[in-house]
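Read the structure below first, then the notes.
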2 protein chains.
Amino acid sequence: MNTPPSGAPRRATISDVAREAGTGKTSISRYLNGELSVLSPQLRARIEAAIERLDYQPNQMARGLKRGRNRLIGMLVADLTNPYSVEVLQGVEAACHALGYMPLICHAANEVDMERRFLQLLTTYRVEGVIVNALGVSEETLRPVGEGGIPAVLVDRSVEGLVTDMVGLDNQGATTLATRHLVERGFDKLWFVVQPFEHISSRRQREAAFHQALEQYPQVSGRTVVLELGDADELAQTLSALDAELDAAIAPHEQDAGARVALFAANGLVALALARHLNQRHGADWQKRVALLSIDDPEWAELAGITTIRQPTYDIGYRAVEFLHQRIDGEQTSARDCVLPGELIERASTAR
Amino acid sequence: MNTPPSGAPRRATISDVAREAGTGKTSISRYLNGELSVLSPQLRARIEAAIERLDYQPNQMARGLKRGRNRLIGMLVADLTNPYSVEVLQGVEAACHALGYMPLICHAANEVDMERRFLQLLTTYRVEGVIVNALGVSEETLRPVGEGGIPAVLVDRSVEGLVTDMVGLDNQGATTLATRHLVERGFDKLWFVVQPFEHISSRRQREAAFHQALEQYPQVSGRTVVLELGDADELAQTLSALDAELDAAIAPHEQDAGARVALFAANGLVALALARHLNQRHGADWQKRVALLSIDDPEWAELAGITTIRQPTYDIGYRAVEFLHQRIDGEQTSARDCVLPGELIERASTAR
DNA sequence: CTGTTAGCGCCTTCAC
DNA sequence: GTGAAGGCGCTAACAG
């Protein structure tokens, strides 16, 4: 039993307006679609008055049904609590505004079945395209999208088996930039700290670029440390092991002599976890004891005084929509990658 | 000229499925709506097969048009960069999920005309209700909403002239709690720092409660400081004036004697601005020199070691949707206020 | 149990 | 210039 919502009053329809203006629906439709030149000034005035009187607002759903397009695009975000996502979103919104789209924002909250359900939902609402910041577990959940499905463009990470546009950070360049910075600042033991999501392409690319960059500096050693942020126990365990190593690496030399260790966080979430821990262990001025650099430049980074690589988040979002727009219009068929450069923001934590 | 998007292929319709299954549209519709008991097993099997073969997905727009309701609700957020909003959003999403709604998230980005445009847009998409975290400039821009318009419930702040449900923090209780905490910790000079938005009800309530709470403690002095976050110059100026006063207040006595000043930030954004400045001026261990307490408990608060009042953000969002749901069903007509308690999280910055 | 029919609100030929 | 008629994809009475 499906009764219309009783909360809101019934809205005026195009027929109501036509009757009120003493004309046919066609003229109203023409008025709405800006075909003003075809209407006599008098009729036009009557229509305007009727619309005003009835507080008429055309029903987008009905228009969409008829036209076959509704100007809706979906924006599927893996994790809104990540400042990166919110920043990208701002670019997306700006571009949508400029191109006349309405973005439907869907938040998967890091849950794979949420991601699938939202994709399904967006499909049934017949959005014209989707921008996907995927969890990236597998292309299977992304089946409704891409070739043969809804036009899509990926943000930050690609998904295996899904060939379509992708826009994100130049991971290779950014990681190289950061690594070189650390080496130049005299650190000779670099620990690249990542989350255990090997299926996320950006995560993999950054790690690979890190090790590749190090090949240039034989005197510098580097290793990867995996941090499981989801599991508190495991996290604590890894962190204390890391503490021990850090102490051992630093101890024999004191201050400016010997091995100088730097932590390189693969993203802002990792950096926050590290910062929290270090802050707790060494006190508020931990940055002076332990060097930390991070990809992503969240608000607290300045507060904590850590060096970062800032991503061109706004541009990433904006470009993603532009790409999608072209796909929707069928102007684009082959898959493109768009990688944008990051910017190094140097702060106290790596100034030695 | 409105051509359908050329990017995506045409999707199967209910008629296609009917033809494929060798039956009428009605049976398909019945199947879709779960009236399974009315279908013979054979027909049902044929329908299932046809749907599978055609990868059919019912068009929600068309269903909505016919039924008069589309299960869409709008969520208008004033500022997504405020962690508070994202947290509330998570509650909203959970409740929507539970009640079968799809939230359309709209981000006004602190711009009044964005707010108006989104409200207009939500109206034309015939959402069944809206949850509004308003900029709150005036009820005028919120006209399409509330009495006579779309069912609405307000979050965090009420809007003058708009009588409808409102759910948010118990500002009175939270502010009193915080004030008492500061007094008990021995601070006798409290500065309540706010943004200059006097039209935002929560901002006003907090300030009023602060001064009211202080009446209980004649030995403690309190004043309001207004911080203009938007204007860098003005901000810098206010902050340096504040520095001077802070120095003067603390100077004559040293450490634990005499006047002890505490900063009370009315929200997380103010706290961040203060923290940034203090950090810059006094170094990473500024918390030991200047006491700071904030309403809102953003992620960096722990890092900075500041005492906070954590809002029940998730519950606020969840309750808001429940209220809205009742309104949509017409079960509720009078306006209700729902205020939820905050929780004091004590950290280093006020431990003396 | 199943199919036919008439719209939901709007746009779009096609006539007048 | 203007309007009537048909249909977008779906649901909801009605019949059978």
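As the structure is a computational prediction, the values presented were derived from the model and not from experiment.
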Could you tell me, to 10°, how much the axis swings from one end of the helix from C:dC1-D:dG16 to C:dC16-D:dG1 to the other, five pairs per end?
40°

Crowding at CD, B:Glu35 (>12 non-hydrogen neighbours, <6.0 Å)
yes

The salt bridge (charged side-chain N to carboxylate O under 4.0 Å, His left out) partners of A:Glu87 (sequence neighbours excluded) come to none

Whole angstrom value for the distance that separates C1' of C:dG9 from CZ of B:Arg67:
17 Å

Output yes when a side-chain donor or acceptor of B:Asn70 lies under 3.5 Å from a complementary backbone atom of B:Tyr125, and no otherwise.
yes

Measure CG/B:Asn70 against P/C:dC8 and give the value in whole Å, please.
17 Å

Could you check whether A:Ser29 gets within reach of a base, just the sugar-phosphate, or nothing at all, counting any heavy atom under 4.0 Å?
base

What is the separation between atom CG on A:Asn33 and atom C1' on C:dT12, rounded to the nearest whole Å?
10 Å

Testing C:dC11, C:dT2, C:dC8 for proximity to the side chain of B:Thr23, the answer is C:dT2

Can you tell me which nucleotide in D:dG9, C:dC10, D:dT11 comes closest to the side chain of B:Asn59?
D:dG9

Can you name the closest pair of heavy atoms from A:Ile14 and A:Ser29 and give their distance?
CD1-N, 3.9 Å

At 4.0 Å (heavy atoms only), tell me whether B:Tyr56 reaches a base, stays on the sugar-phosphate, or touches nothing.
sugar-phosphate

Atom-to-atom span, CZ of B:Arg69 to C1' of D:dC10 - whole angstrom:
17 Å

Using the rule side chain to side chain donor-acceptor pair (under 3.5 Å), only one of A:His325, A:Arg69, A:Arg327 pairs with A:Glu128; which is it?
A:Arg69

Using a 4.0 Å heavy-atom cut-off, does B:Ile28 contact any base of the nucleic acid, only the sugar-phosphate backbone, or nothing at all?
nothing

Is the gap between the ring centers of A:Phe118 and A:His107 under 6.0 Å?
no

Roughly, in whole Å, what's the span from CZ in B:Arg19 to P in C:dG3?
15 Å

Tell me: CZ of B:Arg46 to P of C:dC1, nearest whole Å?
14 Å

Counting only N and O atoms by type, is there a donor-acceptor contact under 3.5 Å from the side chain of B:Ser202 to the main-chain atoms of B:Arg157?
no

Measure CE/A:Met61 against C1'/C:dC8 and give the value in whole Å, please.
13 Å

Nearest 0.5 Å, what's the CZ-CD1 distance between B:Arg71 and B:Ile328?
7.5 Å

Round to the nearest Å and state the distance from B:Arg10 atom CZ to D:dG9 atom P.
6 Å

Polar atom pairs (N or O), protein with nucleotides 4-7 of chain C, under 3.5 Å:
from: C:dT4; atom 1: O4; to: B:Thr26; atom 2: OG1; distance (Å): 2.6
from: C:dG7; atom 1: N2; to: B:Lys66; atom 2: NZ; distance (Å): 2.8
from: C:dG7; atom 1: N3; to: B:Lys66; atom 2: NZ; distance (Å): 3.0

A:Leu65 has its side chain closest, among D:dC10, C:dT2, D:dG9, to D:dG9

A:Thr164 (side chain) donor-acceptor with A:Ala152 (main chain) under 3.5 angstrom
yes

